[in-house]
Amino acid sequence: MAIIQEKRTKIIDLLHTDQLGESVVVKGWVRTFRNNQFIALNDGSTLENMQAVIDFSATDEQLLKRINTGACIAVKGELVESKGKGQSVELVVSEIEILGDADAEKYPLQPKRHSLEFLREIAHLRVRTNTFSAIYRVRHIMIFAVHKFFTEKGFYNIHTPIITGSDAEGAGEMFRVTTLDAVNPPKNESGDPDFSEDFFGKETNLTVSGQLEVETACLALSDVYTFGPTFRAENSNTSRHLAEFWMIEPEMAFYDINDTMELAEEFVKYLVSYALQHCTKDLEFLNRRALDEEKNKPQIERSELSLIERLKFVANNDFEKITYTEAIEILRNSKPNKKKKFQYLIDEWGADLQSEHERFLVEKHFKKPVILYNYPKDIKAFYMRQNDDNKTVAAMDVLFPGIGEIIGGSQREERYDELMVRIDELGIPQEDLDWYLDLRRFGTAPHSGFGLGFERMIQFVTGMTNIRDVIPFPRTPDNAEF
RNA sequence: UCCCCCUUAGCUCAGUUGGUUAGAGCGGCUGACUGUUAAUCAGUAGGUCCUUGGUUCGAGCCCAAGAGGGGGAGCCA
């Protein structure tokens, strides 16, 4: 029987169970082939390779030449204690089959270090590298941890729509969803495209947030969350923005802003701890990778803590909670403000904080994650609950070192009259929000929620500095390859 | 959308003041070696110097426009 038809054992299972002396089949992709004898084989089940040892003198020369980096092979042999130093076990090959050749002259991945920029151009192949396979394994564990955390807390996962007919959220520019002819659409009397003839009979877009829809479930199921893709057509060209990203948005009935800040902190710590416990090998690798990367930087730019030290620090220390007003005071009296080092100087209450200010608070002043809350109402969204001071709303942001805003949330305005005032002030067409206002008309309740940018969380956990490297196929302005 | 930087071999990069035949390391290929760990050693091939236009006796190098990539800002998650 050909080996391809035989059941294979995953490498991770061979490394962690005692099957010494047994005959096993391993299938995977060749990383390196050294000395005409040693195949480093990887099947993605773990960062580690299985060393398959072949007797080159007894192997066909034409077959040996096909064992190239990137080729897919199946090997059968005895699992033995390794005679070499780099691994505990190895496979003494009795049979080998090439399942898929990889022409060494054309295969772009070489047994050497590649730049992240180059790998981004071959995103369909970069998952075959240690770095990206580690990132995607961590990403999976984090997805699982999100569902585990909320399930254990009695939250229900709600699938909110991806195509939405509601454009009132105001979180950003939207992508239109249409089946109308782009070149020659049907026109209405005023000469504009006639969306009543469109697939849904109205204008539709890709969602920028599931919040408004998940609030409907909150006011029935109490504690709910949505975890799905979101789309922003903003022309953002930074290392922390994507046009398509994944967001986790819990919404809790009877939570006020303080309950929400507590939950956000507990959630983030849980995710970090879960990764530390369940992605040990991958995180150790990413830790070494980050250290190597830092060596190329000038001393001042290097971080004080290693990746794993940072993760442990976040998991084990309380976040700093301060109000917007307190933050303004700290910033106003800060050295960079007095010495006019900030590009935007802080002088009066009410200004939105720039990322230089957020970075100062998180990275210089407190040296830990910071939760800012009670922002001026004028710089925040219409649905946030107004505080008794009539100046601020019960909004909060969680700020992380190196990443900036990782969570944004608020207590929602549950009072119909107050909500209507804000909708009028901002000139939002009421008919678009009628269903949302029903939630305040019928059985309204205090409730709160937040949004966590999943890729920013993955950035923090993996230490990757560019968000395009933590999602398999990044979507950014002028780039939708694959 | 704005500001700055980059684009030379498959990859990472050197390339002096504008001057003859554009280099290195890694990778590939050929061979040697055969318990290697991104193996090692020897040899070898490989170039639209991003594109277009311009300046010049002469452009990888200077100028202009465009394309692609990166860093930062804004917007945010």
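This is a predicted model, so every value here is computed, not measured. Here is how names work: the chains are called A, B, and so on, in the same order as the sequence lines, proteins then strands, and each is numbered from 1.
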Worksheet item: So what is the 5' to 3' dot-bracket string for RNA chain B, if pairs are Watson-Crick or G-U wobble with both distances under 3.5 Å, crossing pairs use [ ] and | means the partner sits on another strand?
Response: (((((((..((((.....[...)))).(((((.......))))).....(((((..]....))))))))))))....
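OP1 or OP2 of B:rG71 has at least one side-chain nitrogen or oxygen of A:Arg468 nearer than 4.0 Å. Distances shown here put a side-chain N or O of A:Arg359 below 4.0 Å from the OP1 or OP2 atom of B:rA73. Checking the phosphate oxygens (OP1, OP2) of B:rA73, a side-chain nitrogen or oxygen of A:Ser355 falls inside 4.0 Å. In this structure, A:Arg120 reaches the B:rG70 phosphate: one of its side-chain N or O atoms is under 4.0 Å from OP1 or OP2. For B:rG71, one of the phosphate oxygens OP1 or OP2 lies less than 4.0 angstrom from a side-chain nitrogen or oxygen of A:Asn466. Contact annotation: A:Ser236 does not reach the phosphate of B:rC75 (side-chain N/O to OP1 or OP2, under 4.0 Å). When the side-chain nitrogen and oxygen atoms of A:Asn235 are compared with OP1 and OP2 of B:rU1, one or more of them lie within a distance under 4.0 Å.
Atom-to-atom, CG of A:Leu125 to P of B:rC11 comes out at 14 Å; the value is rounded to the nearest Å. Going from atom CG of A:Leu116 over to atom P of B:rC11 covers 15 Å, rounded to whole Å. Nucleotide B:rG35 holds its C1' atom 13 Å from the CG atom of A:Asp55, rounded to whole Å. In this structure, A:Phe56 atom CZ and B:rA32 atom P are separated by 11 Å, rounded to whole Å. Per the geometry, CZ belonging to A:Arg34 stands 8 Å off C1' belonging to B:rA38, to the nearest Å. Rounded to an integer number of Å, the gap from CZ of A:Arg475 to P of B:rA77 is 22 Å. When the P atom of B:rG68 is taken as reference, atom CD of A:Glu481 falls 11 Å away, rounded to whole Å. One can place CD1 of A:Ile406 at 12 Å from P of B:rA77, the figure rounded to the nearest angstrom.
Judged by atom type and distance alone, A:Glu90 reaches the base of B:rG35 through a side-chain donor-acceptor pair under 3.5 Å. No hydrogens or angles were tested; on distance alone, nothing pairs the side chain of A:His114 with the base of B:rC11 as donor and acceptor under 3.5 Å. For A:Asn237 against B:rU1, a side-chain N or O and a base N or O form a donor-acceptor pair under 3.5 Å. Residue side chain A:Gln87 reaches the base of B:rU36 through a donor-acceptor N/O pair under 3.5 Å, judged by distance alone.
Using P as the reference atom, B:rG23 and B:rC4 are 35 Å apart when rounded to the nearest Å. Rounded to the nearest Å, the gap between the P atom of B:rC11 and that of B:rG69 is 15 Å. Across B:rA22 and B:rC49, the matching C1' atoms stand 8 Å from one another, rounded to whole Å. Here, B:rG47 and B:rA24 have their P atoms 14 Å apart, quoted to the whole Å. For the P atom pair drawn from B:rC26 and B:rA65, the interatomic distance equals 41 Å after rounding to whole Å. Between the C1' atoms of B:rC41 and B:rC6, the separation comes to 37 Å (whole Å). Comparing B:rU51 with B:rU8, their P atoms sit 10 Å apart, to the nearest whole Å. Here the separation of B:rU20 from B:rG58, taken at their P atoms, is 15 Å to the nearest Å.
A search for side chain to side chain contact (heavy atoms under 4.5 Å, CB included) contacts involving A:Glu481 returns A:Asn479, not counting sequence neighbours. Not counting sequence neighbours, the partners of A:Lys368 by the side chain to side chain contact (heavy atoms under 4.5 Å, CB included) test are A:Phe313, A:Glu320, A:Phe366. In this structure A:Lys10 satisfies the salt bridge (charged side-chain N to carboxylate O under 4.0 Å, His left out) test with no other residue, sequence neighbours excluded. In this structure A:Arg120 satisfies the salt bridge (charged side-chain N to carboxylate O under 4.0 Å, His left out) test together with A:Asp469, sequence neighbours excluded. Here A:Ala104 pairs with A:Asn68 under the side chain to side chain contact (heavy atoms under 4.5 Å, CB included) rule; sequence neighbours left out. The side chain to side chain contact (heavy atoms under 4.5 Å, CB included) check on A:Ser236 picks up A:Glu234, A:His241, with sequence neighbours excluded.
Residue contacts shown for A:Lys85 include a base, since a base heavy atom lies under 4.0 Å away. A:Leu242 comes within 4.0 angstrom of a base, heavy atoms only. Among the atoms of the strands shown, none is found under 4.0 Å from any heavy atom of A:Glu356. Base contact: A:Gln51 has a heavy atom under 4.0 Å from a base atom. Contacts of A:Gly451 with the nucleic acid, taken as non-hydrogen atoms under 4.0 Å apart, involve only primed sugar atoms and P, OP1 or OP2. Looking at heavy-atom distances under 4.0 Å, A:Ser82 makes contact with a base.
Comparing A:Ile467 and A:Phe33, the nucleotide of RNA chain B nearest to each residue sits closer to the 5' end for A:Phe33. Along RNA chain B, the nucleotide nearest to A:Asp478 and the one nearest to A:Leu353 differ in position, and the one closer to the 5' end is contacted by A:Asp478.
Surrounding NE2 of A:His147 are more than 12 heavy atoms belonging to other residues, nucleotides or ligands, all under 6.0 Å away.
Using a 4.5 Å heavy-atom threshold, the side chains of A:Asn35 and A:Phe38 count as touching.
In this structure, A:Phe382 CZ and A:Leu433 CG are separated by 4.5 Å, a value rounded to the nearest 0.5 Å.
A side-chain donor from one of A:Tyr436 and A:Glu215 sits under 3.5 Å from a side-chain acceptor of the other.
Of the listed nucleotides (B:rC75, B:rU34, B:rA77), B:rU34 has the atom at the smallest distance from the side chain of A:Gln37.
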Item to complete: Could you walk me through whether A:Gln87 and A:Ser82 pass the side chain to side chain donor-acceptor pair (under 3.5 Å) test, one step at a time?
Response: CA-CA 6 Å; A:Gln87 56 285 313; A:Ser82 179; 3.0 Å; yes
Sub-3.5 Å pairs of nitrogen or oxygen atoms, protein against nucleotides 26-29 of chain B:
{"from": "B:rC26", "atom 1": "O2", "to": "A:Lys112", "atom 2": "NZ", "distance (Å)": "3.1"}

Give me, pair by pair, the N or O atoms of the protein and of nucleotides 7-9 of chain B that are less than 3.5 Å apart, along with how far apart they are.
none

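Residue ring and nucleobase are stacked for A:Phe245 and B:rA77, with a centre distance beneath 5.5 angstrom and an angle between planes beneath 30°.
A salt bridge (Lys or Arg N to Asp or Glu O under 4.0 Å) check over residues 339-364 of chain A, counting only residues at least two apart or in different chains, returns nothing. The salt bridge (Lys or Arg N to Asp or Glu O under 4.0 Å) contacts involving residues 452-464 of chain A comprise A:Arg139-A:Glu455, where partners must be two or more places apart or lie in separate chains. Every pair passing ring pair (Phe, Tyr, Trp, His ring centres under 6.0 Å) that includes a residue from residues 98-135 of chain A is listed here, sequence neighbours excluded: A:His114-A:Phe118, A:His124-A:Phe482.
Salt-bridge formation is detected for the pair A:Arg113/A:Glu293: a Lys NZ or Arg NE/NH1/NH2 atom is positioned less than 4.0 Å from an Asp or Glu carboxylate oxygen.
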